[in-house]
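Below: the structure, in structure tokens.
As a basis for the values below, the full set of heavy atoms in this structure was taken, side chains included, without hydrogen atoms, waters or symmetry mates.
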Amino acid sequence: MTFEGNDWDVEQQRIAEVRKVIEAKKEQLLKSTGALKGDIIDLRKKFWDDVTVNFDEVDDAVETYASIKQQSELLSERERSHGQYYKNKKLLDRMEESPYFGRIDFAEDEVAKEAIYIGISSLMDKEEDHFLVYDWRAPVSSMYYDFEPGPAHYDTPEGTVEGEIELKRQFVTENGMLTGMFNTGITIGDSLLQKVLGDQASSQMKSIVATIQKEQNAIIRNESSRLLLVQGVAGSGKTSAAMQRVAYLLYRYRKQMNADQILLFSPNQMFSSYVASVLPELGEEPMQQSTFQEYVSKRLDDEFDLQTPFEQLESSLVTKGSGENHHEKEAVDFKSSASFKTMIDNYLGHLSSNGMKFRSIKFRGEVRISAERIEEFFYQLDSAMSMANRVDLVKDWLSSQLKHVEKEERAKDWPEEEAALLTKEDYLKAFQNLEQHQNFNEETFNDFEKEENLLKKMVVRRRMASLRRKIANYKFIQMEKVYEGLFNESFPQVDLQPKNWTQISKHTMQNVQERYLPVEDQTPYLYLQDQLEGRKVNASIRYVFMDEAQDYSVFQYLYIKEMFPYAQFTLLGDKHQAIYTHNHGGMTILDKQAHNGEAKKMELSRSYRSTRPIVEFTKHLLEDGASIEAFNRDGQLPRLWEVTEIQEAKQKIIEVVQDRHREGHETIAILCYSLEESKQVNQLVGEQLGATLIYKETQQFQSGVLILPVYFAKGIEFDSVLVYDAAQQGYQDEEGRLMLYTACTRAMHELDILYNEKDSSILSEIPEELYT
């Protein structure tokens, strides 16, 4: 759209005036924090000068502690304020570069028209009387995303405000200069979105507040749903919307909630690093981030060799078609289901009267409390109590029994022998202990008998410390044996068991005995352990986000839900990218049926990441791809390259990557079917291209040429993608379609595909006019 010179000049002049206000606020901020910085330096230098240190008397020690605490809190408060200064300054720096991105002229019923400018944060005028810029999360700003010019409304805590939008305008500002301006009848004008989407891929996700679409805005501002399901096709902006949703919630509930009360479960570490900058860009503190595998590892790493989800998928891909993994796949399907959780719940009822396994309590190689005696005590307790309460009573009983054991051990010879070998420091510690806890007279410490008893007591207590810790941590339960009992013939559950239960049971017990837990056993094992030990839930988390939610099994989701019973959940993913072993051909947790219909489901069917030609090509890889809409961003048709032997493939990869570099693309991914294949390709061309092989999920996302398996690339986008050997056998079934679709939809601007014998592959189903 063209503008009259006066219109453009007026907007440029306003930007200049707003920038002056921002500059003044920065100067004011600097003045107020200059003294603050001096305070901090001074406090650190003179910390001990202002503290009265005296431990001679009890009252003096209390006064000393209070003095240190007061000085420490004062320093912490100053440092927090200084940290807030840097946060505010960074936000003002960003606003100075681009003060706002949108404007709506809104005439509230019976009130004069107001020009509302919208940016990444609110900005008041010098007198702090009027808003120069409204935060994109403010209630009034929602109209910018939700309405065309005409009747509009927005909700406030006091009620709904109605009126009419008379103008909607969008700006592109660089270094404080207006470079683009569009009047539009839709949320985001194509010109602005085209520009944003045409940029190069970044090593970190960008904030999308200037380009939020109406359907994304509905996800971001949803407050009523305890469970929100977002099914979004590849490139539909679901992850970006999730990040903005976090920012919105932190703004909306800023007086009641902080970032530590929001948790994001990421698919892997690479993804975590990719999204890490979004919230700080918007002036918000980062939320908590974790992968579910990190949580599992913290709990079980010391006891088992744990398979990762990527190792599980890699094993499945490598053995695919060989018949080796038939029973394994059936085990994965069942152990990932709600039915297996039901079986464990039934098993807990069985354990209430029979089958608990305990360890004997040994000290210095001698059994002091036998497993049989512990079992007898456990089953004497009232069976009406929960298993966790009964286990806690056993723990308390064992702790009291240890006191008797300790008393008996002090009467033996070995403590006296060890006491004779104590160091000078140990003697001093014993002296201090006696001074603190007994009627003390310095002369009596030389009394040989008292000294000997005190030192023997210290020796025995020290030797028994690890035993106490083990009891406190429930190590008296033989959890691995209890879990094995689930697969024992003494606990029949014929109505729930899958066909090959005998083979599954045998294989599971063998794994547990070898201290190895595959992915499908890890969550059930933890669930059973938690039911017995009564592990505490996390009551502080208010919101849980699960990205790439299709990759979580139903059992994993039910377990996570029990971990955070007071949290609202947002699950985001794409059923077309459900490539993990447990969800092939089955229901994912993105399906409403998986939640008994008790969920709000929202769908994003338009893809923004890739150019229109790439989207039109990739939607034909899916049997139900017709519903996917492409945003109208032009680009080159995908290119298919036929290669018949390895040296030809090598030459073509090098040629394609060099061409993409010349075209200005910085992030180029060579995507392979498996890690095994990625390593082969890296040996073939890695050194010549200066490529980085991504071989573990803990590596961080980076620019350049990357060689990696498809499953490591999920959730990430690249300027250019080259899919290696797309006609191979692994891509030919329904699971392979999803893998190939996932690979191709990582491309923003260019897609190249190497193949051999296209006519026998899924590629042959794609209309020829959609590629070259």
Side-chain angles (χ1 to χ4, degrees), residues 292-293 296 299-300 303-351 354-357 477-532 551-560 578-589 594 733-735:
F292 184 62
Q293 195 61 31
V296 171
R299 295 279 308 274
L300 296 175
E303 300 175 43
F304 292 96
D305 178 19
L306 300 176
Q307 182 190 43
T308 70
F310 300 106
E311 289 169 344
Q312 181 192 60
L313 182 56
E314 180 73 12
S315 173
S316 172
L317 295 175
V318 170
T319 59
K320 190 174 180 179
S322 65
E324 291 178 37
N325 63 351
H326 173 67
H327 296 318
E328 183 181 322
K329 186 181 182 316
E330 191 171 3
V332 170
D333 288 346
F334 179 67
K335 290 177 182 178
S336 302
S337 69
S339 296
F340 190 45
K341 184 176 180 293
T342 301
M343 180 184 280
I344 293 176
D345 289 335
N346 293 344
Y347 179 54
L348 286 162
H350 168 77
L351 289 175
N354 182 39
M356 278 293 288
K357 303 292 181 186
I477 302 174
Q478 286 199 78
M479 263 310 303
E480 66 282 2
K481 291 292 183 188
V482 176
Y483 189 65
E484 279 184 50
L486 184 56
F487 303 90
N488 196 296
E489 291 178 3
S490 63
F491 174 63
Q493 285 278 284
V494 179
D495 55 328
L496 291 171
Q497 292 168 359
K499 280 189 297 185
N500 292 304
W501 181 245
T502 303
Q503 292 95 321
I504 291 171
S505 297
K506 184 179 177 182
H507 190 56
T508 302
M509 288 192 283
Q510 182 182 338
N511 281 336
V512 173
Q513 287 159 15
E514 292 174 358
R515 314 301 296 179
Y516 172 72
L517 273 191
V519 171
E520 65 271 18
D521 283 296
Q522 293 164 16
T523 307
Y525 188 95
L526 283 176
Y527 176 70
L528 179 60
Q529 185 174 6
D530 288 355
Q531 294 305 304
L532 294 176
D551 294 340
Y552 292 83
S553 71
V554 172
F555 200 136
Q556 286 173 333
Y557 166 70
L558 293 173
Y559 178 73
I560 292 171
I579 63 176
Y580 280 86
T581 311
H582 61 258
N583 52 25
H584 288 163
M587 183 186 296
T588 76
I589 63 171
D733 57 12
E734 188 54 35
E735 297 162 11

Please identify each residue that fulfils side chain to side chain contact (heavy atoms under 4.5 Å, CB included) with [X], with sequence neighbours left out.
X	result
T502	none
E734	E623, R737, L738
M343	F334, F340, L486, F491, Q493, L496, Q497, W501
Q531	L348, Y527, E562

Exercise. Which of parallel (below 30°), tilted (30 to 60°) and perpendicular (above 60°) describes Y347 and H350?
Worked result: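 The arrangement is parallel - the two ring planes meet at less than 30°.
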For this session: Before giving the answer on side-chain contact (heavy atoms from CB on, under 4.5 Å), spell out for E484 and Q513 the whole-Å C-alpha distance, their side-chain angles and the decisive distance to 0.1 Å.
Result: CA-CA 9 Å; E484 279 184 50; Q513 287 159 15; 3.1 Å; yes
For this session: Kindly write out the residues that satisfy ring pair (Phe, Tyr, Trp, His ring centres under 6.0 Å) with Y559, not counting sequence neighbours, or none if the list is empty.
Result: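 Scan of Y559 (ring pair (Phe, Tyr, Trp, His ring centres under 6.0 Å), adjacent residues dropped) gives none.
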Looking at residues at least two apart in the chain, or sitting in another chain, which of them share a side chain to side chain donor-acceptor pair (under 3.5 Å) with [X]?
X	answer
E303	K475
N511	none
Y557	none
D733	K320

Problem set entry | Q522 side chain to L517 backbone, donor-acceptor under 3.5 Å |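 Yes, because the side chain of Q522 sits within donor-acceptor range (under 3.5 Å) of the backbone of L517.
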Problem set entry | Pairs involving residues 517-526, ordered by first then second residue, that meet salt bridge (Lys or Arg N to Asp or Glu O under 4.0 Å) (sequence neighbours left out) |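 For residues 517-526: K335-D521.
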For this session: Report the C-alpha separation of E328 and H507 in whole Å, then their side-chain angles, then the decisive distance to 0.1 Å, and conclude whether the side-chain contact (heavy atoms from CB on, under 4.5 Å) test is met.
Result: CA-CA 9 Å; E328 183 181 322; H507 190 56; 5.6 Å; no
Problem set entry | Option passing ring pair (Phe, Tyr, Trp, His ring centres under 6.0 Å) with Y525 (candidates F487, Y483, Y516) |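 With Y525 as partner, ring pair (Phe, Tyr, Trp, His ring centres under 6.0 Å) holds for just one option, Y483.
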